[in-house]
Amino acid sequence: MEPRPGRAAWPLTCLLLLALRGGPGAGAPRPGQDFELRQPQDKVSVMAGETLTLNCTTSQGGPVGAVKWLKGWGSGNETVYGQTGSFTRVMRAVEGSDTDFTIRIRDVHPEDAGTYYCVKFRKSLLGYEVFLRGNGTEVSVRAKPTTPVVSGPGRRVGPGQSVPFTCTAGGFFPKDISVKWLKNSAPVSAQQPQITPEWMKSSYNMSSTVTMMLQEDDVHSQLICEVQHPTLTAPLRGMYQLSSVLRVPPRVRVVPDPPSPVEVNKTVNFTCHVEGFYPGEVAVTWLENGTEMKAENISGPVKMQQGLFALRSLVEVQATEEKNRSVFTCRVVHDAQDPVDRSTTLWITTPAEKKMTDRLQTDNSLLIYSVVGVVCTVLALLVAAILYLIRAKQSKGKSSPSARLHEPEKSSEATTQESDPNNLTYADLNFDRERKAVRRMVEMSQQSEYACIQTSQAPASDDNLTYADLDMVHLSKAPRRPAPCPEEAGSEYASVQIPRK
Ligand SMILES: *[C@@H]1O[C@H](CO)[C@@H](O)[C@H](O)[C@H]1NC(C)=O
Ligand SMILES: *[C@@H]1O[C@H](CO)[C@@H](O)[C@H](O)[C@H]1NC(C)=O
Ligand SMILES: *[C@@H]1O[C@H](CO)[C@@H](O)[C@H](O)[C@H]1NC(C)=O
Ligand SMILES: *[C@@H]1O[C@H](CO)[C@@H](O)[C@H](O)[C@H]1NC(C)=O
Ligand SMILES: *[C@@H]1O[C@H](CO)[C@@H](O)[C@H](O)[C@H]1NC(C)=O
Ligand SMILES: *[C@@H]1O[C@H](CO)[C@@H](O)[C@H](O)[C@H]1NC(C)=O
Ligand SMILES: *[C@@H]1O[C@H](CO)[C@@H](O)[C@H](O)[C@H]1NC(C)=O
């Protein structure tokens, strides 16, 4: 019905006056009088995505004017539903009713939170004005947080470095939320999450940060951000594979086979062992004296048990003479990092040189042993020769054992005779070994003095006693004097000192 303000104004005023006076016809229902509007819901909470029902009923009749739903009051109000116009998400619960103005809002968004008013308008002189309004229904939209997302540093980092990880989840209502961090199911302590309001506080965003030191064995580790919220029956989890941010640099070593020095024209295999790296991207190049060469055989990379990678690269080199002192370098570029170089020098020997260097290279102690061995042999030969000479001498005078008297040289000893122990006349007694029937023999007679001399050898071999028969030698007791020539153990010499007269 098209409103006509000019005509409607007078009858309306009269009616109002009548009503106030309580004049005739007060019992009969008149428009505007006893008009009731009930908005029974004080507060309503609805899950995001679900349908919100806002109840409003009025009594029959009432003034000319529509019943509308407004969201908010005062400036910034918003007509959610009017009897004319299109409201895509809103529909009447009872279509066409003039008493039940309940509406349904489907697929509620967090932004739909607010206070809704059911309002009866009436035609006035100035157009339409609010005639009656309900007490308002406060609508809150409970919203589940989005699945948490864990983000790490923007670049890879090595073991031992501490890096922050952030977990974010948004769009939840109410504000209360709890965040737990886990690394491979072990709790990790973190700061309190930061909660920031979104869209007129209809929902909140959360951000939680944890700082962690990475380790070499974190290739298989998982970081979990667990969010619990009243709207959730089970916590939501955000996962993060630490391998996506970990970089473990390789250990590099070059092993020549056979090791230097190498005989000329032999084949040498240089193997570059690149081990324990992550991620698996690695480039291995070989340089010979700084010039790139071609690798013969590259294996892998293969995964080791800790999730780290290993690789071997091999070059085969013919040890020609001109390659002597060539430097072979294995250059490893891992994950676009600075190259890692490991070098080895090739030493080439001729076969003769090789033997010598081998001998030199073998332990110094071996050298000493061989020297000692040679010296011993020489000594043994010398001893044998001496023994032989002695034997020869002995066999020559076999029948006549000799005794020789040594006289001190007269020239020098005239004055120092007595003090010099060498200044003695002594006798060398050279005799044969002979088997004697008698074990020990001490013969005594008036004319001769006999002394029985026994070698220092053990008397066990008593058959081999050596005897010297001293005849015509005057033996007298005198204080012991050092022998001019000390006897060797087992020698068959005996010296007899004879004091000079
Ligand atoms: C609206 O509020 C008034 C006063 O606050 C109260 O008396 C009345 O019962 C309320 N109406 C409804 C429908 O809740
Ligand atoms: C709201 O209105 C609907 C539809 O008329 C009705 O089924 C429901 O019982 C009402 N709820 C309340 C709380 O008045
Ligand atoms: C709704 O807002 C408009 C301006 O945006 C204002 O003129 C009107 O009075 C408001 N209505 C109510 C019921 O607050
Ligand atoms: C809040 O969280 C939502 C969903 O996760 C996101 O789209 C939005 O950008 C966040 N807002 C802020 C200010 O972080
Ligand atoms: C090594 O090989 C080269 C060429 O094949 C040859 O001329 C040279 O005599 C060889 N040297 C030895 C020590 O065998
Ligand atoms: C590379 O090495 C593997 C194993 O050591 C061997 O089986 C293969 O034949 C080699 N390939 C070449 C081209 O040398
Ligand atoms: C290689 O160089 C070393 C050191 O300069 C030298 O002693 C050796 O004789 C060289 N070998 C050959 C095969 O020339």
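Indexing begins at 1, ligand by ligand and atom by atom, following the structure's order.
Interface atoms of ligand 3 facing W73, defined by a heavy-atom separation under 4.0 Å, are 13 (C). Using a 4.0 Å cut-off to heavy atoms of V264, the atoms of ligand 5 that qualify are 12 (C), 13 (C).
Looking at every heavy atom in both residues, S313 comes nearest to I298 through OG-CG1, 3.6 Å.
Regarding atom 3 (C) of ligand 5, its nearest protein heavy-atom neighbour is N265 ND2, 3.6 Å. Protein heavy atom at the shortest distance from atom 1 (C) of ligand 3 is N77 ND2, 1.4 Å.
In this structure, of T102, V44, N55, the residue bringing a heavy atom nearest to atom 2 (O) of ligand 2 is N55.
Taking the six-membered ring for Trp and thresholds of 30 and 60 degrees, F270 and F328 have nearly parallel ring planes, at less than 30 degrees apart. Using cut-offs of 30° and 60° on the angle between ring planes, the pair F277 and H334 is perpendicular.
In L70, the part holding a heavy atom less than 4.0 Å from any atom of ligand 3 is the side chain.
Figure legend: cation-pi geometry between K68 and F121, with NZ or CZ positioned under 6.0 Å from the six-membered ring centre and within 45° of its axis.
At least one N or O atom of D100, backbone or side chain, sits closer than 3.5 Å to an N or O atom of ligand 2. Considering backbone and side-chain atoms alike, G74 places an N or O below 3.5 Å from some N or O of ligand 3. By the 3.5 Å distance cut-off applied to N or O atoms, S75 is not counted among the residues near ligand 3.
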Check step by step if salt bridge (Lys or Arg N to Asp or Glu O under 4.0 Å) holds for D218 and K183.
CA-CA 10 Å; D218 276 337; K183 181 187 168 186; 3.1 Å; yes

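Using a 4.0 Å threshold on non-hydrogen atoms, atom 9 (O) of ligand 3 does not count as touching the protein. Within a 4.0 Å radius of atom 5 (O) of ligand 3, the protein contributes no heavy atom. Within 4.0 Å of atom 12 (C) of ligand 3, at least one protein heavy atom is present.
A side-chain N or O of R142 and one of S45 form a donor-acceptor pair less than 3.5 Å apart. Judged purely by distance below 3.5 Å, without hydrogens or angles, the side chains of D100 and T102 pair a donor atom with an acceptor atom.
Under a 4.0 Å N-O distance rule, the pair E36/R38 qualifies as a salt bridge.
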